[in-house]
Amino acid sequence: MSTMQESSKQHLIMSDHEHYMARALQLAERGLFTTCPNPRVGCVIVNNGNVVGEGWHQRAGEGHAEVNALLAAGQYAAGADCYVTLEPCSHFGRTPPCADSLIKAGVKRVYVAMADPNPIVAGTGIEKLKQAGMEVVTGVLEAQAQKLNPGFIMRMQAKRPFVRSKLAMSLDGRTAMASGESQWITGAAARIDVHKLRARSSAIITGIGTVLSDNPSLTVRPEGADWYPKQGKVRQPLRVVVDSQLRTPKDAGLFATDSKVVIATTLHQPSIDIDAEVLTLPAIDKQVDLSALMTHLAGLGMNEVMVEAGPVLNGALLSAGLIDEMVIYMAPKLMGNTANGLFNLPAIQTMAQNIDLQISDIRAVGDDWRITAQPQ
């Protein structure tokens, strides 16, 4: 066989591996709204070129993707290839180790998209499979697998959640009138799209200014949406209000639902007559230490956090290096130069102090445009 033929054959083989891993990633995405605090994981088992089992992790505390796929494959798992989007776990948690299940089932080869960033696993699952005599291949569609779990990776590696700020603005970059009026800048399609971002988030953070001016509920309302699982109760994210001086009114719209609210403040032993957990955090310039807040949320198992706030809180988070991604909905309208901007950044005085953004996606959502960008 010529070198060119060998190269072509190898390309076809790798394309097959990518095909099966792509399917595993599709399965993993089915857990987009339900697996927190666990990662989203999918698994495909292939025997002699035939898919004999598929599975994905559906909810924390329930079977992992590999176990569900093995159950579907049954006896056909013996001698098969397993494609899994995250390194199989090697420890006893709420469920037994998936690496042990693969070994017991007699799987021959395991293809892994990405290593598990969890220090409890961190390569030990792969090593256990190798010691059992399995062939293990890593890095198949690794970038795609990482993109599916930015929050879990961030929490494991940086000990804080992945922070995504949702912003809505006019074509001239304004978010609210000088009076505070802001409803509605964007159209119905964009507002429905926001609920998908909320649904994948472990928590939603807002500021006291937004609570007082807009009185939001910050709940997930996927009625009629084709992207939300039809079965089961809608999982509501934790709502967090950054309220340094504890001004949240007890009749705020946040309390109209039974999902939990946390008020992050700097006051010690506060006396407050509201249905919320009060979290006292250190102060920086009399304001809540936002890094301490993120550390606390990571300790609660929060993977992805969504910010729905005004320019003051968004500016403070950006200045602290705590925004990982911005999702900006831009409406085809002008609001004038007296209206508020996206970020309050008084420290920026020169062009050299500008914050550069990497735009990763731009697309139309109804009559508006959605821009996804990452601070550099």
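Below, each value reflects all heavy atoms present in this structure, side chains not excepted, and no hydrogens, waters or symmetry copies.
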| message | Using salt bridge (charged side-chain N to carboxylate O under 4.0 Å, His left out), reason through Glu135 and Lys108 one step at a time and then give a plain yes or no. | response | CA-CA 7 Å; Glu135 180 184 346; Lys108 185 177 180 180; over 6 Å; no

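- In this structure, Thr372 OG1 and Ile362 CD1 are separated by 9.0 Å, a value rounded to the nearest 0.5 Å.
- Of all non-hydrogen atoms in Gly301 and Cys36, the two that sit nearest each other are O-SG, 3.5 Å.
- Put simply, the side chain of Thr266 never gets that close to the backbone of Gln287: no donor and acceptor are under 3.5 Å apart.
- Under the rule for a salt bridge (Lys or Arg N to Asp or Glu O under 4.0 Å), the partners of Asp81 that lie at least two apart in sequence or sit in another chain are Arg109.
- In this view, Glu54 and Arg23 satisfy the side chain to side chain donor-acceptor pair (under 3.5 Å) rule, not counting sequence neighbours.
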| salt bridge (charged side-chain N to carboxylate O under 4.0 Å, His left out) evaluation trace for Asp361 with Arg363 | CA-CA 7 Å; Asp361 185 72; Arg363 66 185 62 204; 2.8 Å; yes

| message | I'd like to know whether Val262 forms a side-chain contact (heavy atoms from CB on, under 4.5 Å) with Val278, so could you lay out the CA-CA distance, the side-chain angles of the two residues, the decisive distance to 0.1 Å, and finally the verdict. | response | CA-CA 6 Å; Val262 171; Val278 177; over 6 Å; no

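- Side-chain atoms of Asp116 come within 3.5 Å of backbone atoms of Asn118 as a donor-acceptor pair (strictly under, hydrogens ignored).
- A side-chain donor-acceptor contact under 3.5 Å links Thr248 and Asp243.
- At a threshold of 4.5 Å between non-hydrogen side-chain atoms, the residues Val307 and Leu317 count as touching.
- Of all non-hydrogen atoms in Leu141 and Ala22, the two that sit nearest each other are CD1-N, 3.6 Å.
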| task | Kindly determine whether Leu318 and Ile355 satisfy side-chain contact (heavy atoms from CB on, under 4.5 Å), including the steps that lead there. | result | CA-CA 9 Å; Leu318 190 59; Ile355 297 173; 3.7 Å; yes

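- Surrounding CG of Asn215 are more than 12 heavy atoms belonging to other residues, nucleotides or ligands, all under 6.0 Å away.
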| side-chain contact (heavy atoms from CB on, under 4.5 Å) between Phe343 and Met326: does it pass, once the steps are laid out? | CA-CA 12 Å; Phe343 296 93; Met326 305 172 191; 3.8 Å; yes

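- Residues Pro161 and Val305 share a closest heavy-atom pair of CB-CG2, 3.6 Å.
- The two residues Ser201 and Arg235 come nearest to each other via the heavy atoms O-NH2, 2.9 Å.
- Looking at heavy atoms from C-beta onward, His64 lies in side-chain contact with Cys89 at the 4.5 angstrom threshold.
- Atom OG of Ser170 sits about 8.5 Å away from atom CG of Leu342, to the nearest 0.5 Å.
- Taking 4.5 Å as the limit, some side-chain heavy atom of Ser360 sits within range of a side-chain heavy atom of Gln374.
- A donor-acceptor contact shorter than 3.5 Å links the side chain of Thr124 to the backbone of Val121.
- Shown here for Asn38 and His57, the closest heavy-atom pair between the two residues is ND2-NE2, 3.1 Å.
- Grouping the Ile, Leu, Val, Met, Phe, Trp and Tyr side chains by contacts below 4.5 angstrom, directly or via other members, places Met294 apart from Phe162.
- In terms of modelled atom types and a separation under 3.5 Å, the side chain of Thr265 and the main chain of Ser244 share a donor-acceptor contact.
- With a 4.5 Å cut-off on side-chain heavy atoms, Arg59 and Glu62 count as touching.
- Put simply, the side chain of Leu238 does not reach to within 4.5 Å of the side chain of Gln236, judged on heavy atoms.
- Residue Ile274 holds its CD1 atom at 10.5 Å from CG of Asp251, rounded to the nearest 0.5 Å.
- Residues Leu279 and Leu297 fall within the same hydrophobic cluster, defined by Ile, Leu, Val, Met, Phe, Trp and Tyr side chains chained together at heavy-atom separations under 4.5 Å.
- Expressed to the nearest 0.5 Å, how far NE2 of His296 lies from CG of Asp289 amounts to 13.0 Å.
- For the pair Gln353 (side chain) and Thr350 (backbone), a donor-acceptor distance under 3.5 Å is present.
- Residues Thr34 and Arg30 have side chains that never bring a donor and an acceptor to within less than 3.5 angstrom of each other.
- With hydrophobic clusters built from ILVMFWY side chains whose heavy atoms lie under 4.5 angstrom apart, Leu167 shares a cluster with Leu290.
- For the atom pair Thr219 OG1 and Ile204 CD1, the distance stands at 8.0 Å (nearest 0.5 Å).
- When the side chains of ILVMFWY residues are joined at heavy-atom separations under 4.5 Å, either directly or via intervening members, Val234 and Leu32 end up in a single hydrophobic cluster.
- Side-chain atoms of Ile371 and Ile359, non-hydrogen and from C-beta on, do get closer than 4.5 Å to each other.
- Contact detail for Ala309 and Leu313: the closest heavy-atom pair is CB-CD2, 3.7 Å.
- Cluster annotation: Val365 is not connected to Ile328 through the hydrophobic network of ILVMFWY side chains, with a link wherever side-chain heavy atoms come within less than 4.5 Å.
- Of the candidates Val163, Thr210, Leu293, Leu218, Ile205 forms a side-chain contact (heavy atoms from CB on, under 4.5 Å) with just one, namely Leu293.
- Residues meeting the ring pair (Phe, Tyr, Trp, His ring centres under 6.0 Å) test with Tyr111, sequence neighbours left out: His17, Tyr83.
- Annotation: side chain to side chain donor-acceptor pair (under 3.5 Å) contacts of Ser259 (sequence neighbours excluded): Arg239, Thr257.
- Remark: Arg191 CZ to Ile185 CD1 distance equals 11.0 Å, nearest 0.5 Å.
- Residue Asn354 places its CG atom among more than 12 non-hydrogen atoms of other residues, nucleotides or ligands, all under 6.0 Å distant.
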| Working for side-chain contact (heavy atoms from CB on, under 4.5 Å), residues Asn303 and Ser202 | CA-CA 6 Å; Asn303 288 334; Ser202 305; 4.0 Å; yes

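- For residues 157-175, every residue pair satisfying the salt bridge (charged side-chain N to carboxylate O under 4.0 Å, His left out) rule, not counting sequence neighbours, is listed here: Arg160-Asp324, Arg164-Glu304, Arg164-Glu325, Lys166-Glu308.
- A heavy-atom distance below 4.5 Å is found between the side chains of Val140 and Val137.
- Arg40 forms no cation-pi arrangement with Trp56, by the criterion of a distance under 6.0 Å to the ring centre and an angle within 45° of the ring axis.
- In this model, no donor atom of one side chain and acceptor atom of the other lie less than 3.5 Å apart for Asp368 and Thr186.
- Alongside Val52, the hydrophobic cluster contains Val41, Ile45, Leu70, Tyr76, Val84, Leu86, Leu102, Ile103, Val107, Val110, Val112, Met114, Ile126, Leu129, Met134, Val136, Ile153 (criterion: ILVMFWY side chains under 4.5 Å).
- Contact check for Pro332 versus Leu171: no side-chain heavy atoms found under the 4.5 Å cut-off.
- Without hydrogens or angle criteria, Glu127 side chain to Gly123 main chain gives no donor-acceptor distance under 3.5 Å.
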